[in-house]
2 protein chains.
Amino acid sequence: MDLEWKWVNAVVPKMTQKLLRRYSLLLMIRQTQPVGRRSLAERLALTERTVRTDLDSLLDTGLVSMQTNGVWLTDDGQTAILNLQPLVADLTGLRKKETQLKTRLGLKDCLIVSGDSDDRSDVKQTMGEAANDLLRQQLPAGESVVAVMGGTTMAAVAETLSATLADNRQLTFVPARGGMGESPKIQANTVCARMAEATNGHFQALYLPELSSKLASTSLRQEPAIAQTLDLIDHANVAIHCVGDAMAMAKRRQMSAEVTATLVNRHAVGEAFGDFFDQNGQIVYRVPKLGLSISDLDRMDLVVAVAGGHSKAAAVEAYFKIPPAKTFLITDEGLADMILKK
Amino acid sequence: MDLEWKWVNAVVPKMTQKLLRRYSLLLMIRQTQPVGRRSLAERLALTERTVRTDLDSLLDTGLVSMQTNGVWLTDDGQTAILNLQPLVADLTGLRKKETQLKTRLGLKDCLIVSGDSDDRSDVKQTMGEAANDLLRQQLPAGESVVAVMGGTTMAAVAETLSATLADNRQLTFVPARGGMGESPKIQANTVCARMAEATNGHFQALYLPELSSKLASTSLRQEPAIAQTLDLIDHANVAIHCVGDAMAMAKRRQMSAEVTATLVNRHAVGEAFGDFFDQNGQIVYRVPKLGLSISDLDRMDLVVAVAGGHSKAAAVEAYFKIPPAKTFLITDEGLADMILKK
DNA sequence: TCACCATGGGACATATGCTGTCCCATCTGA
DNA sequence: TCAGATGGGACAGCATATGTCCCATGGTGA
């Protein structure tokens with residue numbers, strides 16, 4: 001498929017440029033709708049007029065609609081993005097990187113969005129939308145219990161979940177683990193609530209204080225409210241989570257100096273589900289928490305990992321030495337390049 | 001893949017038209033090179049200027065070259081045609097018909113060119129070029145012995161064989177069967193000679209008179225020159241042949257009224273390798289000839305059948321109830337439609 | 001409620017590319 | 001040698017794309 005486009009380009013040059021330009025326009029509209037010509041032009045570094053011609057064309061073919069408050073993506077526009085994604089990935093060479101990363105990390109499949117979320121904050125949002133697309137295609141129909149984690153990346157995913165996801169599905173969201181010391185805005189409970197809201201689904205919170213001893217967790221496990229949620233987690237068939245850089249996570253969760261020192265000593269590079277691992281994928285420290293562990297992913301129908309930014313490359317690369325080979329990864333070019341260039 | 005193009009078209013309308021126009025331009029150049037703008041314009045029902053703009057573009061990208069005697073296809077142009085073929089087949093809907101026909105007839109694969117060779121004589125030539133493309137991709141490297149049949153279709157294939165076929169191959173052509181009463185221009189010996197010439201290969205003729213008795217064939221088989229050729233035929237690993245309408249073939253070969261009556265009585269619809277069969281693929285009459293039979297195809301590495309025109313539909317459909325499922329078919333839209341519409 | 005700002009739409013000159021239609025010098029092949 | 005086909009030049013007309021304004025308006029936050 002890769003070579004094919006070379007010839008298309010030779011026969012109708014600049015068709016691909018135009019296609020890519022309009023595709024990125026569609027993406028940007030989806031991300032910021034409702035939005036006006038001038039904002040779009042600025043964001044995409046195009047002139048107002050070219051944006052306008054493109055919009056007029058897309059209006060003709062019904063992919064966008066113009067309202068007094070700005071441009072909106074139509075349902076057809078949504079579908080177009082979904083259908084054009086692999087094609088555009090081909091054109092930009094991302095497709096090649098996707099297959100490379102897939103084999104390199106042993107993934108079920110892989111989606112790479114362009115950019116680097118360490119540099120531009122909107123890339124995280126694009127990853128969120130990619131996650132939404134993926135879920136729409138991969139989430140089994142019917143009832144599902146979705147275990148999710150917290151974090152800024154997961155919050156971005158939650159922001160973009162659309163109601164169309166719930167068309168043939170009844171979704172229940174549940175935090176994969178108890179409160180992990182994150183700030184309220186990005187903790188799993190908040191993410192759950194937001195996802196449930198967006199998809200007209202249900203959610204169940206898991207309010208847990210910081211745990212310091214195994215004793216406390218054993219007694220807490222008896223609490224009816226908590227036991228019920230833990231039971232739900234045990235029945236989750238879908239997991240969406242992120243992978244974090246070890247030190248960044250330790251700092252964000254304000255872990256004690258003692259624990260941090262342990263992490264350093266044991267060369268922890270990444271974290272997922274509260275488990276810290278070194279570059280060989282060996283778990284070197286577990287945050288004492290209730291809920292899902294990496295090993296529970298085996299029994300899931302669908303596992304989606306979302307992580308981007310070159311700073312997380314080492315973490316992600318190490319992480320995928322652990323989980324079953326059925327995980328989907330959604331990442332960005334910054335991270336992908338960092339892993340592949342080695 | 002089929003749906004994808006709908007969206008490409010929605011995002012960049014009329015690019016596909018242009019792509020198709022230029023592709024057909026390339027095809028026409030290949031067919032008639034060296035050729036001038038005006039001839040091309042006339043043949044493709046375009047204006048001179050349009051052809052010129054397209055040619056200029058193709059010149060820029062190096063797919064064609066302009067000489068004082070006309071336009072030539074470059075090597076890149078050749079490659080472009082080859083690589084764009086499946087894509088264009090998608091766009092025109094031919095691809096869908098190809099897969100349909102493939103499953104319907106139980107083929108290894110199938111190439112359909114647009115048009116109907118019963119209506120336009122140049123369609124046969126296009127099929128020949130398609131055959132050339134297919135051989136270039138499928139013919140095993142190294143030495144091959146290619147058994148070919150006669151007929152106008154095979155003659156068209158022979159016309160278009162190109163030297164590039166022989167890049168990594170040494171080819172020997174041999175008539176699959178003895179002279180079948182065809183006129184010299186289209187008989188297998190001539191076709192062989194022409195193919196060998198085009199590919200810098202060898203060929204071995206098989207000159208046989210009309211045979212009327214099995215006795216004669218047995219004695220002829222002893223003749224050293226004939227025995228040698230027959231031995232070569234036995235070692236053929238590739239076969240290229242056509243499928244004919246039963247009555248048309250009987251007439252062309254000036255078969256006796258008696259035999260023709262037999263064919264009618266037994267409801268023969270088609271012919272291949274001198275074997276006539278009815279609509280169920282049952283062989284109802286064998287021309288007493290020396291050489292290859294349909295059953296010998298089993299041991300071949302590659303079998304290509306070439307037949308087009310709606311009038312041959314019944315014959316082709318019946319034929320593919322006989323041979324192994326590894327045959328490639330090259331046909332035209334007229335024939336494909338006739339089979340598929342039922 | 002009001003004011004402001006971003007919105008879509010209109011307008012226009014300009015640039016670029018495509019089209020139709022000539023003519024012409026030149027090359028080719030019979 | 002010569003007739004016919006070749007590529008290239010030229011030009012006007014047309015369509016589309018582009019850059020740059022301005023304007024009325026509607027939604028939103030103060």
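All chains are named by letter (A, B, ...) in the order of the sequence lines, taking the proteins before the strands, and each is independently numbered beginning at 1. Because the structure is a prediction, the values reported are computed rather than measured.
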Closest approach of [X] to [Y] (non-hydrogen atoms, all atoms of both residues):
X	Y	value
B:Thr153	B:Cys242	CB-CB, 4.3 Å
B:Ala80	B:Leu63	CB-CD1, 3.9 Å
A:Asp116	A:Val123	N-CG2, 3.8 Å

By nearest nucleotide on DNA chain D, pick out whichever of A:Arg37 and B:Leu59 is the more 5' one.
B:Leu59

I'd like to check the side-chain hydrogen bond (donor to acceptor under 3.5 Å, both in side chains) partners of [X]; sequence neighbours left out, ordered by chain and number.
X	answer
B:Asn9	B:Thr16
B:Thr50	B:Thr47
B:Gln31	B:Thr126, B:Glu129
A:Asp75	none

Close approaches to DNA chain C from residues 15-32 of chain B, in residue order (heavy atom, under 4.0 Å)
B:Lys18, B:Arg21

Which parts of residues 44-55 of chain B get close to DNA chain C, meaning a heavy atom less than 4.0 angstrom away?
B:Thr47, B:Glu48, B:Arg49, B:Thr50, B:Thr53

So do A:Ile81 and A:Tyr23 actually touch side chain to side chain, heavy atoms under 4.5 Å?
yes

Nearest-Å distance for atom pair [atom1]/[atom2], residues [X] and [N]:
X	N	atom1	atom2	value
A:Leu40	C:dG9	CG	P	14 Å
B:Gln67	D:dG8	CD	C1'	14 Å
B:Asp56	C:dG17	CG	P	12 Å
B:Arg38	C:dC22	CZ	C1'	10 Å
A:Glu42	D:dG19	CD	P	16 Å

Select one nucleotide: of C:dC18, C:dG9, C:dA6, the one nearest the side-chain heavy atoms of A:Lys14.
C:dC18

For a quick check under 3.5 Å, do B:Asp118 and B:Ser311 share a side-chain donor-acceptor pair by atom type?
yes

Applying salt bridge (charged side-chain N to carboxylate O under 4.0 Å, His left out), which residue pairs with at least one partner in residues 9-28 of chain A are found, sequence neighbours left out?
A:Arg21-A:Asp54, A:Arg22-A:Asp54

Among pairs that include at least one residue of residues 155-164 of chain B, which meet salt bridge (charged side-chain N to carboxylate O under 4.0 Å, His left out), considering only residues two or more places apart or in two chains?
B:Glu159-B:Arg194

Between N or O atoms, less than 3.5 Å apart, protein on one side and nucleotides 27-30 of chain C on the other: list the pairs.
residue: C:dC27; atom: O3'; partner: B:Thr68; partner atom: OG1; Å: 3.1
residue: C:dT28; atom: OP1; partner: B:Thr68; partner atom: OG1; Å: 3.4

Sequence neighbours left out, what passes salt bridge (Lys or Arg N to Asp or Glu O under 4.0 Å) with A:Asp133? Give chain and number order.
A:Arg30

Which angle, rounded to 10°, do you find between the first-five-pair axis and the last-five-pair axis of the helix from C:dT1-D:dA30 to C:dA30-D:dT1?
40°

List the residues meeting side-chain contact (heavy atoms from CB on, under 4.5 Å) with A:Ala156, not counting sequence neighbours, and say none if there are none.
A:Lys124

